[in-house]
Amino acid sequence: MDEHNMTEQEKELAEDKMVNDAFRHLLDCYMNSPHRKKEEIITKAYNFAKQAHKGVRRMSGEPYIMHPIAVAQIACEEMGLGSTSICAALLHDVVEDTDYTVEDIENIFGNRIAQIVDGLTKISGGIFGDKASAQAENFKKLLLTMSDDIRVILIKICDRLHNMRTLESQAPNKQYKIAGETLYIYAPLANRLGLNKIKTELENLSFKFEHPEEYASIENKLASTQEQREILFQQFTDPIKAALDQMGITYEIKARVKSPYSIWNKMQSKHVTFDEIYDILAVRIIFTPKERKEEINESFNIYVKISQIYKAHPDRLRDWLNHPKANGYQALHVTLMSKQGRWIEVQIRSDKMDEIAEQGFAAHWKYKDGSETADDERELNGWLRTIKEILDDPQPDAMDFLDAIKLNLYASEIFVFTPKGEIKTMPAGCTVLDFAFQIHTFMGSHCIGAKVNHKLVPLSHKLQSGDQVEVLTSKSQHVEPSWITFVYTAKAKSKIQAILRKNNREKQKQGEEILNEWLKKHDMGLTTSLLDKLCELHDIAKHENLFQALGDNTLILTDKDASELQEKRSKTTNSKSWRRYVPFLDSKKKEEKTAEKENQLLVVGKEFNKKKPCIISETSIEKYIFPTCCHPIPGDDILGYIDNSNRVEIHKRACPVANRLKSSFGNRILDAKWDMHKKLFFDATITIKGIDQPGMLLHVAGIISGELNVNIHKIVINSNQGLFEGIINLHVHDRSEVQNIINKLKDVEGLHEVLQIQ
């Protein structure tokens, strides 16, 4: 029946059927799971939530109850969670969006479900000022509640996944905010909890909404090269299948294709094209062990067998079997040379390992037989303890906090040994000082170096997997401000900052006492204007810095300071003070120009519509600020950000600064679009590398200026032992011109690398 011709009653009946069907599907999934069957309480939670959200709709127009059902469906089907989590997912928005309280939930559904709902509500709630970083504050709450019950974070990730799947109904500025938060916070969290499948989907959806054209382009290329991959996969796996059959192993071989987001990420970081990425295809061997206890040995047996068929890469064997990753991931990774001359990674894992790789900690509950789960619980609790330590020391800036946590979410691990041979898991890239703080704060703050594999090394020495580390300490050693520049872990960073802040407060207090003594001696009183004058005399920016310098003895006040202060007091009409009132002296023209520029800038007022995109054209470009962090030019995907002065900055959507802004100040993000007509010029830089040949520079310049008629602003070429590299600064109209130049230059013989810097 056509929707337009339906009566209200028919629409209502159709909606009711849709809602009931969705719930029936959820219940069927739950009843088919290995959990204890508690159908009654799930039905009760559904009916309660349905009643509570009655009459409310989502942005997409569908009944609101469809969202909690979908979140519960993800929790049940994709995470394998049980009735407590499913009920909490169904009820997760009730306290926040209706008049019901946590007490009501507790009375009807009991304490455990109420606690999880309370945790989920706390994350979303809270009143923050406009300048406050609400998202970072919410994230703090999320981690605090999560340390009480891990299910809080698991359901929050389910909630975020459903919001990402239904993001089309939101305005573009909201899409960038939500996608940015997802990439910055939720995907790394899912990764840390071993939810690989969900992490990949969150990344892909974020990428799809932030860079729709690039996403579509990669999807198309993946589709067009699928046939080649299938042929390669078959040719590569046929001999492996024959060998495994001969061994009598029950197995399944799957092709793993790199996700669009990770392909794009590699294209950006390595400056390569789609065709230059060789690890798009990987192979997974998933086997069912004959005996559960023997699964590690069986994995190695498979490895030995397949490395007799293909040559294995000596440096690319990754043993995550004996030392699982901190998120529970276990597998053996080996890279083999195929007959087609391509390196192909093969991941060997048991069926249990595969399920844990996809579902992470959620899957562990299916296999609770004691030993390994206890280890994984310990790993997780250790990580949560680190998070708690960071939370216990409130950072002055929520952004610092987010960055500190971020470091520990995505890090890949190395294994380091203590002098007694105990194994410690550390993030790759960590230093001796990180290791010292990991063991104990006292050890970190008094660390003077270490013996790594019995050799003396400094604090900043980076550790490698397999290193044995003995930390050396001295009571005379104290935390230095420079330490912050070379530690890597969030724990070490936060501890150093806390100690430095404490030391600074003590030094400032001493400095204030020194200043008071000195003023008393010279018959002067402590006033704000006197502090301002002292800061001006010694070229110090803030009063705290002045006190600090006095406390550190890096500044010692003399009689000369006293006489200068007295002189300043008496000369109330000195040259500088009268100049302030005469408008036409000093750097008047410079000030006029700045003021003129300031007046042109767009100021966001109360009437400003944040849902409308900022259109950047030749006439409006002067209204916006273009920071130097990412140099957007026409053709780049961009967004706007309302700064503290209510001006609008324009960033590339993939800019690292913009990523932090989306996560922490999402309500200030705006959509922005180009409307340029090749009239204005923008700076762009490309680098070239290749084999030095006579006339190469002439050839390159001929293509850029002659054929393509693009203005070369500056060119620098270095030649060494038959190779050359160069940097070319261009004046272009838009990004397509840069791409055109790169494509043309790639055809030049002897030119092996052409990259765009900005």
Side-chain angles (χ1 to χ4, degrees), residues 9-58 60-124 145 149-163 165-166 198 359 362-363 365-366 368:
Q9 194 180 2
E10 283 168 334
K11 270 187 192 172
E12 212 171 295
L13 284 169
E15 271 185 2
D16 263 359
K17 185 181 181 316
M18 175 179 74
V19 171
N20 289 330
D21 286 353
F23 177 65
R24 174 49 50 198
H25 177 54
L26 167 66
L27 216 47
D28 289 346
C29 280
Y30 170 69
M31 296 309 280
N32 290 327
S33 75
H35 290 280
R36 283 176 297 165
K37 304 296 172 270
K38 294 187 180 174
E39 186 180 358
E40 201 178 302
I41 194 163
I42 293 175
T43 308
K44 191 172 163 187
Y46 160 67
N47 288 325
F48 184 86
K50 190 179 177 186
Q51 187 55 42
H53 294 300
K54 197 171 174 63
V56 183
R57 295 190 176 274
R58 294 193 85 207
S60 59
E62 68 179 15
Y64 193 87
I65 187 65
M66 289 298 284
H67 170 63
I69 294 172
V71 175
Q73 183 71 40
I74 294 168
C76 175
E77 191 178 5
E78 298 180 51
M79 277 198 195
L81 300 176
S83 60
T84 305
S85 301
I86 293 168
C87 290
L90 286 166
L91 299 165
H92 80 272
D93 278 334
V94 165
V95 175
E96 192 186 339
D97 295 346
T98 73
D99 295 332
Y100 289 104
T101 62
V102 175
E103 287 71 32
D104 296 331
I105 304 285
E106 189 172 352
N107 292 335
I108 303 165
F109 297 98
N111 183 40
R112 278 161 73 211
I113 291 172
Q115 269 185 326
I116 297 172
V117 171
D118 186 33
L120 288 158
T121 306
K122 275 181 187 162
I123 301 160
S124 309
T145 49
D149 193 325
I150 195 74
R151 285 172 294 195
V152 172
I153 186 67
L154 293 174
I155 297 163
K156 187 65 191 169
I157 289 170
C158 296
D159 180 36
R160 177 51 58 128
L161 180 56
H162 185 245
N163 284 336
R165 284 174 178 172
T166 54
I198 287 175
Q359 291 194 336
W365 297 326
K366 288 187 187 180
K368 279 218 169 181

>> Could you report the tightest heavy-atom contact between Ile116 and Ala88, atom names first, then the distance?
In response: CG2-CB, 3.6 Å
>> To the nearest 0.5 Å, what is the distance between OG1 on Thr84 and CD1 on Ile113?
In response: 5.5 Å
>> What's the separation between atom SG in Cys87 and atom CG in Leu81, rounded to the nearest 0.5 Å?
In response: 12.0 Å
> Can you find a heavy atom in the side chain of Phe109 that is under 4.5 Å from one in the side chain of Val117?
Replying inline: no
>> Let's go through Leu26 and Ile86 carefully: what are the C-alpha distance in whole Å and the side-chain angles of both, what is the deciding distance for side-chain contact (heavy atoms from CB on, under 4.5 Å) to 0.1 Å, and is it a yes or a no?
In response: CA-CA 9 Å; Leu26 167 66; Ile86 293 168; 4.2 Å; yes
>> Please report the interatomic distance CG(Leu27) to CD(Gln73), rounded to the nearest 0.5 Å.
In response: 10.0 Å
>> Please verify the inter-ring angle class for Tyr64 with His53; under 30° counts as parallel, over 60° as perpendicular, anything in between as tilted.
In response: tilted
>> Please check if the number of heavy atoms outside Arg112 that lie under 6.0 Å from its CZ is greater than 12.
In response: no
>> Contact between His67 and His92 at the side-chain level, heavy atoms closer than 4.5 Å - yes or no?
In response: yes
> Hey, are the side chains of Met79 and Ile157 touching, using non-hydrogen atoms and a 4.5 Å cut-off?
Replying inline: yes
> Does any N or O in the side chain of Asp118 come within less than 3.5 Å of the main-chain N or O of Ala114, such that one atom is a donor and the other an acceptor?
Replying inline: no
>> Suppose the criterion is salt bridge (charged side-chain N to carboxylate O under 4.0 Å, His left out): which pairs have a residue in residues 69-82, not counting sequence neighbours?
In response: Glu78-Arg165
> Heavy-atom count around Asn111 CG within 6.0 Å, excluding the residue itself: above 12?
Replying inline: yes
>> Please determine whether a side-chain nitrogen of the Lys or Arg among Glu15 and Arg57 lies less than 4.0 Å from a carboxylate oxygen of the Asp or Glu.
In response: yes
> With sequence neighbours left out, what residues match Asn47 under side-chain hydrogen bond (donor to acceptor under 3.5 Å, both in side chains)?
Replying inline: none
>> With a 4.5 Å cut-off on side-chain heavy atoms, are Phe23 and Asp28 touching?
In response: no
> Atom CG of Asn20 and atom CD1 of Ile69: how far apart are they, to the nearest 0.5 Å?
Replying inline: 8.0 Å
> Are Ile155 and Leu120 close enough that some pair of their side-chain heavy atoms sits under 4.5 Å apart?
Replying inline: yes
>> If you define the side chain from C-beta out and look only at heavy atoms, does anything of Ile74 sit under 4.5 Å from Arg160?
In response: no
>> For the OH atom of Tyr100 and the CD1 atom of Ile105, what is their distance to the nearest 0.5 Å?
In response: 8.5 Å
>> For Val19 versus Lys50, what's the shortest heavy-atom pair and its separation?
In response: CG1-CE, 4.2 Å
>> Going by side chain to side chain contact (heavy atoms under 4.5 Å, CB included), Ser83 matches just one of Glu40, Glu39, Lys38. Which one?
In response: Lys38
> Do Lys54 and Ile65 come within less than 4.5 Å of each other through their side chains, counting heavy atoms only?
Replying inline: no
> Looking at Pro63 and Arg58, what are the two nearest heavy atoms and their distance?
Replying inline: O-CG, 4.5 Å
>> Regarding Asp21 and Arg24, does a basic nitrogen lie under 4.0 Å from an acidic carboxylate oxygen?
In response: no
> Where do Ala89 and Ala72 come nearest, in terms of heavy atoms and distance?
Replying inline: CB-CA, 3.6 Å
> Do Val56 and Asp97 have side chains that get closer than 4.5 Å, going by heavy atoms?
Replying inline: no
